[in-house]
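Data first, discussion second: the structure below is written as structure tokens.
Computed from heavy atoms alone, side chains included, the values below leave out hydrogens, waters and symmetry copies. Order of listing sets the numbers, starting from 1, for every ligand and every atom in it. The first residue of the sequence shown is numbered 1, and numbering continues consecutively from there.
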Amino acid sequence: MPNQLDFPAAENLRILYSREQIQTRVEEMGRQIREDLHGESVVLVGVLKGAAIFLADLARAIDIDCTFDVVAGSSNKAGTNSSGAVQLIKDLTEPVEGRHIVVVEDILDTGVTLNFLQSHFEGHKPSSIRIAALLDKPSRRIQPIHAHYIGFSIPNEFVVGYGMDYAESYRNLPDIRILEPVPEMK
Ligand code: IMP
Ligand code: MG
């Protein structure tokens with residue numbers, strides 16, 4: 001276990017997007033999704049744990065009939081490096097056949113997770129699958145993926161807050177901050 005006391009204090013990390021900027025953008029994304037769905041109901045599928053806060057805010061910004069589900073994948077990412085393979089450790093709990101799905105993800109990085117999840121959800125035969133990622137790091141992509149809704153496209157920085165963690169810390173920060181330098185994992 002890393003010693004959390006060795007991690008930089010949140011207030012020393014530079015803010016990349018403030019809570020106000022996030023709120024404005026999430027509301028825009030919600031309006032766009034509502035328009036695209038033409039008022040039809042949707043299943044919002046949050047990818048745990050990072051998307052929990054984004055899911056909560058986006059759901060309230062979409063303002064149409066919706067249900068929630070969550071999935072959890074393990075990409076063996078203990079800290080900031082991905083070692084590749086994704087395993088599903090929690091699947092959907094409600095049937096989504098014939099329904100619209102919006103997959104809600106905190107950050108699209110290498111694309112490995114969403115690539116895997118998209119193929120997995122296709123097997124559940126929804127009538128459509130859209131992907132909403134609050135952040136995108138296009139320079140890190142190793143697998144192709146098309147996200148229909150992107151909040152902000154960012155450079156290759158490691159970010160924390162608004163649900164996103166480093167070794168499980170920082171998830172509850174209301175702003176998105178850059179973790180620099182990235183601490184050594186103990
Ligand atoms: P991908 O499979 O590489 O696209 O991984 C996406 C997942 O990696 C995200 O859902 C996050 O959980 C995690 N991740 C990638 N970049 C960051 C970051 O900068 N901060 C925190 N988590 C990240
Ligand atoms: Mg995630």
Side-chain angles (χ1 to χ4, degrees), residues 2 4 6-10 12-19 21-22 25-26 29 44-59 68-92 101-122 129-185:
Q4 307 214 340
D6 289 348
F7 291 5
N12 296 331
L13 304 177
R14 182 165 73 81
I15 293 180
L16 183 61
Y17 295 106
S18 68
R19 64 194 85 184
Q21 289 173 302
I22 299 166
R25 188 67 189 115
V26 171
M29 293 173 84
L44 300 178
V45 179
V47 184
L48 294 180
K49 303 172 194 171
I53 292 175
F54 179 40
L55 173 66
D57 284 347
L58 186 67
F68 291 177
D69 209 336
V70 288
V71 293
S74 147
S75 62
N76 303 320
K77 278 188 183 182
T80 56
N81 288 316
S82 171
S83 62
V86 184
Q87 282 176 305
L88 202 59
I89 53 178
K90 192 219 160 279
D91 200 354
L92 297 170
I101 292 184
V102 175
V103 183
V104 181
E105 174 64 304
D106 51 359
I107 180 163
L108 176 50
D109 183 30
T110 63
V112 171
T113 307
L114 281 172
N115 200 289
F116 168 85
L117 287 174
Q118 175 153 328
S119 317
H120 175 74
F121 293 143
E122 279 163 4
I129 302 179
R130 294 176 172 83
I131 291 174
L134 181 62
L135 300 180
D136 182 20
K137 285 196 257 189
S139 66
R140 293 259 306 158
R141 202 77 84 250
I142 59 175
Q143 286 191 9
I145 188 83
H146 172 67
H148 305 72
Y149 311 102
I150 298 282
F152 303 101
S153 189
I154 67 169
N156 185 15
E157 305 272 15
F158 196 84
V159 292
V160 294
Y162 197 73
M164 289 168 283
D165 73 310
Y166 176 75
E168 299 299 328
S169 287
Y170 304 111
R171 289 196 195 274
N172 63 332
L173 305 182
D175 309 298
I176 296 174
R177 294 176 185 254
I178 297 177
L179 183 62
E180 219 217 24
V182 176
E184 283 287 308
M185 293 292 285

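Arg141 approaches Asp109 most closely through the heavy-atom pair NH1-O, 2.9 Å. Across all their heavy atoms, Val86 and Gly73 have their closest contact at CG1-CA, 4.5 Å. Here the closest heavy-atom approach between residue Ile129 and residue His148 is recorded as O-CE1, 3.5 Å.
No side-chain donor-acceptor contact under 3.5 Å links Gln118 to the backbone of Asn115. With Arg177 contributing its side chain and Arg14 its backbone, the two residues share no donor-acceptor pair below 3.5 Å.
Of all atoms in ligand 1, numbered sequentially from 1 with element shown, those under 4.0 Å from a heavy atom of Lys137 are 16 (N), 17 (C), 18 (C), 19 (O). For ligand 1, the atoms closer than 4.0 angstrom to any heavy atom of Asp165 are 21 (C). In summary, the atoms of ligand 1 found under 4.0 Å from a heavy atom of Thr113, numbered by their order in the structure, are 1 (P), 2 (O), 5 (O), 6 (C). Close contacts between ligand 1 and Glu105 involve ligand atoms 10 (O) [criterion: under 4.0 Å to a heavy atom]. Residue-ligand proximity, Val112 to ligand 1, at heavy-atom distances under 4.0 Å covers atoms 2 (O), 4 (O). Set against the non-hydrogen atoms of Glu157, the atoms of ligand 1 under 4.0 Å away are 19 (O).
Taking any N or O of Val159, backbone or side chain, at least one lies under 3.5 Å from an N or O belonging to ligand 1.
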Taking it one step at a time, do Leu16 and Glu157 satisfy side chain to side chain contact (heavy atoms under 4.5 Å, CB included)?
CA-CA 10 Å; Leu16 183 61; Glu157 305 272 15; 5.7 Å; no

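Residue nearest to atom 4 (O) of ligand 1, selected from Gly111, Gly163, Gly161: Gly111 (by heavy-atom distance).
Look at Val47 and you'll find every heavy atom at least 4.0 Å from all atoms of ligand 1. No heavy atom of Arg141 sits closer than 4.0 Å to any atom of ligand 1.
Looking only at atom types and distance, the side chain of Asn172 has no donor-acceptor partner in the side chain of Tyr162 under 3.5 Å away.
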